[in-house]
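Starting from 1, each residue takes its place in the sequence as its number.
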Amino acid sequence: RNLQRLLEEGLFTSTYKFALLQALADLAVERDTGPEGDLRIPITGLRKVVGGRIAPSRRDVPEATLLHDVDATELLNAKEQLQRSTGERWSLNALLARFVVAGLKQWPILNSSVDMAAGEIVQHSAINLGMAAQTARGLMVPVIHGAGEMTTEGLRDALMTLVETA
């Protein structure tokens, strides 16, 4: 309602008005839940235009990777405290997997894929984590299915099983 009022007061240029009205229209579109409980969001309006422009740029523009050093002192301290309090071994990967699951639960749009044939973003209801592992056969990416429903201990144990079998 506040956005609607701002649009009516004429505070935006026509270009911004069009983009805002399109965004409002996109939000108003009914969202469908697929058979697996996945949320299916139609790709329309501004998303469709942006997506159409991003695809060629992904093909034509070289990619770059940015790496940052972080101070993980508190993470290491938390891992040591967890090991002392439980008497069990914990890997940093198990804790990082828990953080990823928490992030995907907080921002579920990041747990999505695009169904180009249907013109929809598929926001998956299940969280399945792929964990890269270098093996004698090359790089493998085994998957922890149902990671979003697991406890931290369950994630740790599933990760250890994947490492042993990869």
Side-chain angles (χ1 to χ4, degrees), residues 23 26-27 29 31-166:
D26 285 351
L27 290 173
V29 171
R31 296 172 179 204
D32 184 31
T33 302
E36 297 86 28
D38 295 343
L39 181 65
R40 300 187 71 87
I41 305 166
I43 301 174
T44 60
L46 190 58
R47 277 190 175 143
K48 191 171 188 176
V49 171
V50 170
R53 292 186 179 150
I54 286 177
S57 89
R58 293 267 310 165
R59 181 188 66 234
D60 299 337
V61 177
E63 291 189 29
T65 301
L66 179 64
L67 301 173
H68 288 280
D69 289 329
V70 297
D71 181 359
T73 304
E74 290 303 314
L75 176 60
L76 295 171
N77 290 341
K79 176 187 166 223
E80 289 172 12
Q81 182 179 0
L82 187 60
Q83 288 181 166
R84 279 194 307 273
S85 67
T86 63
E88 299 174 359
R89 291 196 62 205
W90 291 85
S91 71
L92 288 176
N93 280 341
L95 298 177
L96 292 172
R98 168 53 61 212
F99 301 154
V100 168
V101 167
L104 291 173
K105 285 183 175 182
Q106 186 169 357
W107 294 287
I109 193 67
L110 295 176
N111 190 30
S112 300
S113 60
V114 176
D115 181 342
M116 293 303 289
E120 296 174 325
I121 297 169
V122 182
Q123 188 173 305
H124 302 288
S125 58
I127 297 174
N128 302 312
L129 292 182
M131 304 297 286
Q134 183 63 43
T135 70
R137 298 173 292 171
L139 185 64
M140 307 292 287
V141 186
V143 176
I144 300 173
H145 293 277
E149 304 305 315
M150 292 181 180
T151 63
T152 304
E153 293 85 1
L155 269 173
R156 178 202 57 198
D157 296 345
L159 186 57
M160 285 189 339
T161 301
L162 283 182
V163 168
E164 290 168 1
T165 57

Can you tell me if CD on Glu149 sees more than 12 non-hydrogen neighbours from other groups inside 6.0 Å?
no
Euclidean distance, Leu129 CG relative to Leu96 CG, rounded to 0.5 Å
11.0 Å
State, to 0.1 Å, how close Leu155 and Ala147 come at their nearest heavy-atom pair, and which atoms those are.
CD2-CB, 3.8 Å
Sequence neighbours excluded, the answer for side-chain contact (heavy atoms from CB on, under 4.5 Å) partners of Asn128 is Ala126, Val143, His145
Output yes when a side-chain donor or acceptor of Asn111 lies under 3.5 Å from a complementary backbone atom of His124, and no otherwise.
yes
Please walk me through it: do Val101 and Met150 pass side-chain contact (heavy atoms from CB on, under 4.5 Å)?
CA-CA 9 Å; Val101 167; Met150 292 181 180; over 6 Å; no
Distance in Å, Glu153 CD paired with Leu82 CG, rounded so as to fall on 0.5 Å steps:
7.5 Å
I'd like a table of donor-acceptor pairs (distance under 3.5 Å, sequence neighbours excluded) in which one partner is a side-chain atom from residues 67-76, with atom names and distances.
{"unit_1": "Asp71", "atom_1": "OD1", "unit_2": "Thr73", "atom_2": "N", "d": "3.0"}
{"unit_1": "Asp71", "atom_1": "OD1", "unit_2": "Thr73", "atom_2": "OG1", "d": "2.4"}

With salt bridge (Lys or Arg N to Asp or Glu O under 4.0 Å) as the rule and sequence neighbours excluded, what pairs involving residues 99-108 come up?
none
Non-neighbouring partners of Ile109 that pass side-chain contact (heavy atoms from CB on, under 4.5 Å), sequence neighbours left out
Ile41, Ser112, Ile121, Gln123
Arg156 meets the salt bridge (Lys or Arg N to Asp or Glu O under 4.0 Å) criterion, sequence neighbours left out, with Glu88
Qualifying residues under side-chain contact (heavy atoms from CB on, under 4.5 Å), relative to Ser125, sequence neighbours excluded:
Asp38
Minimum heavy-atom distance between Ala132 and Leu139, given as atom pair plus value:
CB-CD1, 4.0 Å
Return the minimal non-hydrogen interatomic distance between Met131 and Leu159, and the atom names on each side.
CE-CD1, 3.6 Å
Distance-minimising heavy-atom pair for Trp90 and Lys79:
O-CE, 2.7 Å
More than 12 non-hydrogen atoms from neighbouring residues, nucleotides or ligands closer than 6.0 Å to CD on Gln83, yes or no?
yes
